[in-house]
Amino acid sequence: MRTSPAAPALQAGAARVTVAAIPADHPYVAAVLPASRWSDIAAFAPEPPPGTRAGAWFPHPALEPGWLRAHTEAVDLVHIHFGFEHCSPERIREFVDECAATATRLVVTVHDLDNPHLTEQADHHARLTDLIRAAESVITLTPAAAARIAARLGVAAEVIPHPFIVDPGTARRVVAAAAARRTGNRVGLFLKSMRHNTATDPGFHRALADGLQAGRAELHVHVHEDAAQHPLVTALATTWGEGLHVHPRMDDAALFAAVAEYDAVVLPYIRGSHSGWLEMCRDLAVTVVAPDCGYYADQADRPGGVVSYATGAGASAAAAALTALAGGPLPYGGDREREYAEIVRAHHRIYTGRPAAEVPAGAAPSEPADSAATPVPGPAAGPGSPAPGTAAAAASRVPAPRAATP
């Protein structure tokens with residue numbers, strides 16, 4: 001068992017809360033649970049199975065039958081983000097019963113109402129529904145997602161937005177270094193390794209390429225080497241021509257530099273809810289062209305920062321990308337450091353029931369990969385949510401988090 005690094009001495013009368021976060025080792029989780037910053041929070045993290053690659057996902061033992069009953073003194077609170085997809089709906093029901101029987105507090109962050117990695121969503125929805133109904137606190141990332149949860153399940157989710165991916169100092173340096181490469185008409189499309197929620201219909205990509213060419217925009221398509229022989233890539237290699245870039249997986253520094261060279265980036269998703277990639281692009285002052293499924297538009301930090309297109313429609317994506325280019329450079333519209341401080345404070349309050357005495361120093365770890373977990377169908381925003389991409393929606397990201405009701 002591993003616990004968090006030493007923190008300042010615990011104040012008299014303050015109870016320490018030991019949090020088991022699921023997944024156990026993930027940059028997003030580490031960003032919102034800086035246990036070393038406060039003495040009244042400790043992080044419980046199990047040892048990964050032998051042979052597990054550093055940073056790789058592994059099943060959290062807290063989800064195994066009987067683990068909570070056998071470790072009642074080790075953990076006070078379980079905070080589930082994602083990483084429970086391997087459990088059957090029946091196992092999740094048993095898990096929430098075990099939480100109740102052992103008086104283990106449960107917090108759930110709903111990252112994805114539909115799991116982007118699954119085609120069939122019924123079991124995912126069932127798992128998340130039981131988790132949401134059993135949790136003492138439910139968090140999600142956007143007002144529209146919170147409204148959907150409230151409308152479907154009658155549960156008020158607190159909105160705590162996604163922290164930055166690229167720390168502000170790094171972002172400023174990367175954007176400055178890439179400025180000479182931006183021409184006002186460069187569009188990036190990162191297909192990576194063809195994840196399950198990536199549009200692979202050749203018709204979508206041909207229409208996107210044709211629409212951008214007609215608008216005199218450059219399309220650059222990035223594909224990992226392990227997907228170089230994917231049928232989509234072989235079918236469109238001629239269409240993409242010199243704009244096709246096949247390369248190994250990039251580390252964060254290389255990825256940030258590559259993304260920052262584009263004026264707009266198209267997210268080629270066919271399902272999902274929220275996106276860390278979107279946040280990374282906005283950190284780098286890149287306008288995002290996102291499908292209208294899920295709540296991507298509600299992640300907009302400012303009007304024009306995210307431009308929507310009809311999911312699966314390449315011509316619509318091309319038109320949205322040209323609109324994004326016409327809007328010119330749009331730096332991030334908020335104060336990322338202030339937002340991060342509020343995000344961490346909010347988690348401290350949820351865990352302890354007390355306001356944090358001070359804002360922790362330090363940056364959130366980077367994680368450019370999209371969030372991958374969560375359920376409850378449907379992309380429609382409920383009444384009372386700010387309109388996606390408006391100043392009201394952008395403003396809702398910054399102040400103290402609040403419960404959203406439909």
Side-chain angles (χ1 to χ4, degrees), residues 21-29 32 56-60 62-63 78-96 106-135 138-142 144-153 155 157 159-162 190-201 267-280 290-299 311-312 367-381:
I22 299 175
D25 185 9
H26 190 278
Y28 183 99
V29 174
V32 301
W57 175 87
F58 59 90
H60 199 292
L63 293 173
V78 175
H79 186 166
I80 294 184
H81 293 266
F82 38 85
F84 55 87
E85 295 82 359
H86 63 292
C87 296
S88 68
E90 293 74 21
R91 174 60 207 139
I92 290 298
R93 283 193 288 273
E94 294 170 354
F95 167 75
V96 300
L106 177 63
V107 174
V108 174
T109 294
V110 182
H111 290 262
D112 295 286
L113 302 179
D114 287 310
N115 190 312
H117 306 300
L118 300 176
T119 301
E120 173 53 52
Q121 300 289 327
D123 283 355
H124 184 65
H125 293 167
R127 285 187 289 261
L128 194 60
T129 294
D130 285 330
L131 290 170
I132 289 172
R133 286 177 169 157
V138 178
I139 301 165
T140 192
L141 307 183
T142 56
R148 186 66 173 181
I149 292 168
R152 299 277 307 182
L153 298 177
V155 175
V159 178
I160 303 178
H162 199 298
F190 289 78
L191 298 178
K192 299 175 280 185
S193 294
M194 301 290 182
R195 295 169 69 176
H196 293 296
N197 66 329
T198 300
T200 57
D201 174 16
L267 302 186
Y269 304 153
I270 56 175
R271 60 180 169 270
S273 296
H274 301 109
S275 171
W277 255 77
L278 183 153
E279 301 286 347
M280 174 187 64
D292 59 5
C293 60
Y295 309 96
Y296 303 121
D298 215 42
Q299 289 182 255
T311 304
E367 176 50 52
D370 295 337
S371 56
T374 17
V376 181

Engineer: For the OG1 atom of Thr140 and the NE2 atom of His274, what is their distance to the nearest 0.5 Å?
Structural biologist: 4.5 Å
Engineer: Heavy atoms only: give me the nearest Ala146-Ala157 pair and the separation to one decimal.
Structural biologist: CB-O, 3.8 Å
Engineer: What pair of heavy atoms forms the shortest contact from Leu106 to Leu131, and how long is it?
Structural biologist: CD2-O, 4.0 Å
Engineer: Ring-plane angle category for Phe190 and Trp277, please: parallel below 30°, perpendicular beyond 60°, tilted otherwise.
Structural biologist: tilted
Engineer: From Leu278 CG over to Leu267 CG, what is the distance, rounded to the nearest 0.5 angstrom?
Structural biologist: 6.0 Å
Engineer: Would you check if the side chain of Gln121 reaches a backbone N or O of Leu118 as a donor-acceptor pair within less than 3.5 Å?
Structural biologist: yes
Engineer: Can you list the residues that meet the side-chain contact (heavy atoms from CB on, under 4.5 Å) rule with Thr311, with sequence neighbours excluded?
Structural biologist: Pro291, Asp292, Cys293
Engineer: Look only at the side chain of Ser273 and the backbone of Leu113, and say whether a donor-acceptor pair between them is shorter than 3.5 Å.
Structural biologist: yes
Engineer: Would you say His125 and Asn115 are linked by a side-chain donor-acceptor pair, where the criterion is simply a distance under 3.5 Å?
Structural biologist: no
Engineer: Minimum heavy-atom separation for Arg133 to Leu153, with atom names?
Structural biologist: NH2-CD2, 3.4 Å
Engineer: Looking at residues at least two apart in the chain, or sitting in another chain, which of them share a salt bridge (Lys or Arg N to Asp or Glu O under 4.0 Å) with Asp130?
Structural biologist: Arg93
Engineer: Does the side chain of Val78 come within less than 4.5 Å of Leu63's, by heavy atoms?
Structural biologist: no
Engineer: Please name all residues satisfying side-chain contact (heavy atoms from CB on, under 4.5 Å) with Ile139, sequence neighbours left out, ordered by chain then number.
Structural biologist: His79, Val107, Thr109, Ile160, His347, Ile350
Engineer: To the nearest 0.5 Å, what is the distance between NE2 (His60) and CZ (Phe84)?
Structural biologist: 13.5 Å
Engineer: Under the 3.5 angstrom rule, does the side chain of Asp298 hit a backbone N or O of Ala144 as a donor-acceptor pair?
Structural biologist: yes
Engineer: Once ring-ring contact (aromatic ring centres under 6.0 Å, His included) is applied, do any residues pair with Phe95, and if so which ones, sequence neighbours excluded?
Structural biologist: none
Engineer: Taking all heavy atoms of Phe58 and all of Ala24, pick out the closest pair and write down the distance.
Structural biologist: CZ-CB, 4.0 Å
Engineer: The criterion is side chain to side chain donor-acceptor pair (under 3.5 Å); which residues satisfy it with Arg91, sequence neighbours excluded?
Structural biologist: Glu94, Glu98
Engineer: Counting the benzene-type ring for Trp, do His162 and Tyr28 have ring centres under 6.0 Å apart?
Structural biologist: yes
Engineer: Distance from Arg271 atom CZ to Asp114 atom CG, nearest 0.5 Å?
Structural biologist: 8.5 Å
Engineer: Donor-acceptor pair, Arg127 side chain versus Ile92 backbone, under 3.5 Å?
Structural biologist: no
Engineer: Who pairs with Pro59 by side-chain contact (heavy atoms from CB on, under 4.5 Å), at least two apart in sequence or on another chain?
Structural biologist: Trp57, His86
Engineer: Whether the side chain of Gln299 engages the backbone of Glu279 through a donor-acceptor N/O pair (distance < 3.5 Å, no angle test) should be reported.
Structural biologist: no
Engineer: Students often mix this up, so state it plainly: with edges at 30° and 60°, are the rings of His117 and His196 parallel, tilted or perpendicular?
Structural biologist: perpendicular
